[in-house]
> 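Structure below; questions to follow.
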Amino acid sequence: MMKKSIRMAVTAALTVGALSIGGGQTYAADQDGSADEHSLGETVVTATRTPLSVRQAPANVAVITAQEIEQNHYRSVSEALEHINGVVVDRASGEEYVRLNGDDRVVVMVDGVGLNNDQGVVNGRASVDLRMIPSVKNIKRIEVVKGAGSALYGSDAIGGVVNIITKRATKAQTELDLRTGSWGTHGYELSHAGTDGTLSWQLTAGVDRSSYMKYKGTDGKTHRMPSSDYANNSLSLRLDHRIAPRQSLSFSVLHRTIDANSYYYNTYGTPGFAPGSHHDTIYNTVSAAYNFKEGTGIPGYLRYYGNFKSVDFSGKYDTRVQGGEYQNGWKLGKDHTLVAGLEWRTSHSTNTANGYSNKKITNKAVYVQDTIHLGDKWSFVPGIRLDHHSRFGSHSSPKFGVNYNADQKTRVYASWGRVYKAPTADDLFYYADYGIYGGYYGNQDLRPESGHTESLGISHEFDDRTYLSVDFFQSKLNDAIHWYSTDGSNYYATNIAHEKKRGMEILFKKKVDERWIYDLGYSYMHTETKDNYNVTASKYLNHISQPNGGRIGVHYNNGRWHANVLGTMASGLSEYYYGRSRYAAFELNAGYDFADGGTIYARLRNATNQAYSSYSGTRYPQPARYAEIGVRYQF
């Protein structure tokens with residue numbers, strides 16, 4: 001009787017959620033299991049919004065599996081992403097942003113629901129803070145598609161798309177993860193999954209605490225950062241109800257709170273770090289969906305979702321987003337698939353302390369994409385998206401991709417796409433005048449950023465153990481937006497005449513035997529800007545990129561033992577903006593499965609105690625050497 005009551009209550013919640021407040025199940029396949037992230041046969045969904053093998057996708061795609069997250073003991077999505085070749089994670093002002101193809105204009109989704117907001121973030125052109133994603137415990141896979149995604153995902157997808165796909169529970173299982181580490185750091189995470197007939201659920205709650213942080217300064221010494229403690233809490237819930245063999249209802253909640261002190265770099269008197277303001281943040285995402293045609297290769301959905309972010313940091317500011325989406329697909333023939341969709345999204349942003357309140361931005365869109373296979377070798381993917389922005393009118397984002405499989409082991413792709421990004425609420429309305437100390441001034445006359453991107457790549461599997469890929473990319477933007485200063489105190493939002501990025505990535509992966517795997521990655525990125533009026537802004541943008549990046553991974557797995565060495569490197573940095581021209585940071589981690597479902601593990605982050613910053617400026621140093629031990633048990 002108790003189980004029946006629970007089942008009826010959950011069913012009612014799912015039904016109400018799907019009809020009133022939600023938006024959540026991805027168009028991903030539900031099959032469990034992990035595949036090689038660089039296999040040409042791996043199936044992905046983000047590149048074309050339909051299940052498609054990497055072999056047929058005209059894009060540079062990387063996949064992080066649940067197994068990789070578990071065996072590397074990643075604590076956050078940002079930790080997992082930063083070890084993908086060519087990906088940069090910026091950590092500054094208490095926020096985390098991802099860069100793809102050298103660009104932080106990236107769409108981030110959980111189960112296909114966008115987390116980007118219209119208010120913007122503290123630094124750069126990003127519009128989502130990776131910290132709002134509460135836990136990696138319920139992640140099934142992370143798909144990263146580099147290159148223009150505006151034709152399918154809208155204006156933020158200039159650098160690419162990150163889609164975090166969560167697990168659908170298939171059995172009853174509970175997991176407890178306990179850890180402790182340097183600087184008074186400790187964490188507890190409890191997750192529970194279960195099923196009851198056609199119902200399934202996944203619930204995860206976590207607590208993270210740290211007393212302080214240490215960093216390695218450019219003076220070669222390790223320092224304790226003042227006012228660097230934090231207390232973070234998270235909760236995530238996913239419910240699924242199968243109503244027919246190919247139909248389901250889904251409902252999800254993501255919640256995270258961040259309670260932290262902050263620091264800043266004091267340039268007055270004796271330069272150095274000083275205690276800053278208290279930082280309180282709340283992130284909430286609620287979504288529900290009706291999913292149909294599941295498992296057919298042309299999945300569809302109808303969903304409604306809401307995002308809320310509230311920050312109290314030297315004044316309170318918040319943004320509320322709600323939206324609805326509909327997608328459907330049709331098989332027009334054996335080798336011909338059409339997908340189309342409608343989107344509506346509206347946001348209200350407030351930053352009363354800095355000049356604006358309840359600013360509304362609405363965007364409506366329709367998109368269509370055609371995937372055509374000509375035999376086993378050629379795939380063509382044309383598409384177009386039409387958007388109407390409440391402040392900047394209508395615009396179109398066409399895209400065309402082509403994929404050629406020379407043989408079973410070799411793939412060549414090329415793509416071109418038009419991109420567009422409207423100014424954020426902060427860009428338009430922000431106004432903070434600090435008198436003799438300077439200020440920050442938005443600009444309601446800003447023009448949207450627009451341009452196009454191109455990508456070209458080739459990948460080859462020499463045998464079942466050896467893989468190589470080479471990818472090239474280029475983007476050109478007109479009216480790129482940047483906050484610039486001529487005196488170092490007053491900053492103004494402005495359009496740059498031209499911004500051009502170009503680069504390449506090389507990835508080599510080798511499976512030596514059943515125990516050892518290693519991978520080597522190199523990336524190159526160059527930014528050029530041309531604007532005779534905004535000379536200061538152009539100079540800054542030309543020097544803040546990371547021209548040369550490197551990734552090293554050595555992985556060992558032998559029965560109950562597994563260990564990894566992960567390296568992140570950069571060179572050619574501007575010493576003026578980064579404090580040093582190069583760095584090489586390594587992580588060591590190891591685990592031992594002492595029982596079925598039980599693992600004890602240890603991590604050593606920044607093992608060589610490097611002084612480095614992933615974001616421009618010595619004001620944002622990354623943590624010094626950090627040690628952690630933990631135990632994870634499933635029952």
Side-chain angles (χ1 to χ4, degrees), residues 23-24 26-27 45-50 59 97-98 100-101 103-121 125-128 143-164 285 287 301 303-307 319 321-327 339-347 349 360-369 381-401 415-425 427 448-453 475 477 479-481:
T26 184
Y27 19 80
V45 297
T46 311
T48 61
R49 283 189 181 262
T50 57
Y97 330 116
V98 62
L100 304 180
N101 286 0
D103 206 306
D104 56 358
R105 305 168 182 89
V106 174
V107 165
V108 180
M109 305 184 295
V110 173
D111 290 331
V113 176
L115 304 181
N116 299 62
N117 67 75
D118 294 318
Q119 188 169 43
V121 295
R125 304 302 306 146
S127 56
V128 61
E143 295 186 0
V144 179
V145 181
K146 302 173 184 176
S150 294
L152 286 178
Y153 297 105
S155 67
D156 287 303
I158 295 177
V161 179
V162 175
N163 190 15
I164 299 155
T285 299
S287 60
Y301 57 84
R303 64 185 172 208
Y304 195 77
Y305 65 91
N307 296 332
T319 181
V321 178
Q322 60 176 329
E325 300 175 334
Y326 169 77
Q327 179 180 296
V339 61
L342 302 171
E343 294 182 3
W344 162 80
R345 167 192 174 102
T346 187
S347 67
S349 300
K360 182 180 179 180
I361 296 176
T362 300
N363 193 81
K364 302 173 184 177
V366 57
Y367 61 85
V368 61
Q369 180 176 267
V381 187
I384 189 170
R385 178 185 175 102
L386 303 176
D387 286 84
H388 181 79
H389 192 280
S390 57
R391 295 188 62 88
F392 298 101
S394 300
H395 62 276
S396 62
S397 301
K399 182 179 181 180
F400 181 80
S415 67
W416 172 92
R418 186 176 294 165
V419 293
Y420 176 98
K421 180 172 172 57
T424 66
D427 294 332
E449 301 172 301
S450 62
H452 56 87
T453 70
S475 65
L477 287 181
D479 295 322
I481 297 173

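In this text the structure is predicted, and so the values were computed from the model without any measurement. Hydrogens, waters and symmetry mates are skipped; everything else that's a heavy atom, side chains included, is used.
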> Are Asn117 and Val128 close enough, and set up right, to give a side chain to side chain contact (heavy atoms under 4.5 Å, CB included), and what steps lead you there?
CA-CA 6 Å; Asn117 67 75; Val128 61; 5.6 Å; no
> Is Arg105 close enough and on-axis enough to Tyr97, meaning under 6.0 Å and within 45°, for cation-pi?
no
> Quick check against the 3.5 Å criterion: does Asn116 have a side-chain atom that pairs as donor or acceptor with the backbone of Val106?
yes
> For a quick test of reading the model, state the closest non-hydrogen atom pair linking Pro398 to Ala151 and the distance between them.
C-CB, 4.5 Å
> Locate the shortest heavy-atom distance separating Ser349 from Ala425; write the atom from each residue and the value.
CB-CB, 3.9 Å
> We want to know whether Glu143 and Thr46 form a side-chain donor-acceptor pair, criterion being a heavy-atom distance below 3.5 angstrom.
yes
> I need the minimum non-hydrogen distance between Ser287 and Val113, along with the two atoms involved.
CB-CG2, 4.1 Å
> Are side-chain N/O atoms of Asn307 and Thr285 paired as donor and acceptor at under 3.5 Å?
yes
> Ignoring hydrogens and angles, state whether a donor on the side chain of Tyr367 or Glu343 is under 3.5 Å from an acceptor on the partner side chain.
no
> Using 4.0 Å as the upper bound for N to carboxylate O, is an ion pair formed by Arg49 and Glu325?
no
> Do you know the tightest heavy-atom contact between Ala59 and Val145?
CB-CG1, 3.9 Å
> On a heavy-atom basis, which atom in Asp156 and which in Ser127 lie closest, and how many Å separate them?
OD1-OG, 3.2 Å
> With ring pair (Phe, Tyr, Trp, His ring centres under 6.0 Å) as the test, pick out the partner of Phe392 among His388, His389, His395.
His389
> Verify whether one side chain among Thr362 and Thr346 offers a donor that lies under 3.5 Å from an acceptor in the other.
yes
> For residues 387-401, which residue pairs qualify under salt bridge (charged side-chain N to carboxylate O under 4.0 Å, His left out), counting only residues two or more places apart or in two chains?
Arg385-Asp387
> So, Thr453 versus Ser475: side-chain donor-acceptor pair below 3.5 Å or not?
no
> Could you pull out the closest heavy-atom pair between Ile481 and Glu449, with the gap in Å?
N-OE2, 2.7 Å
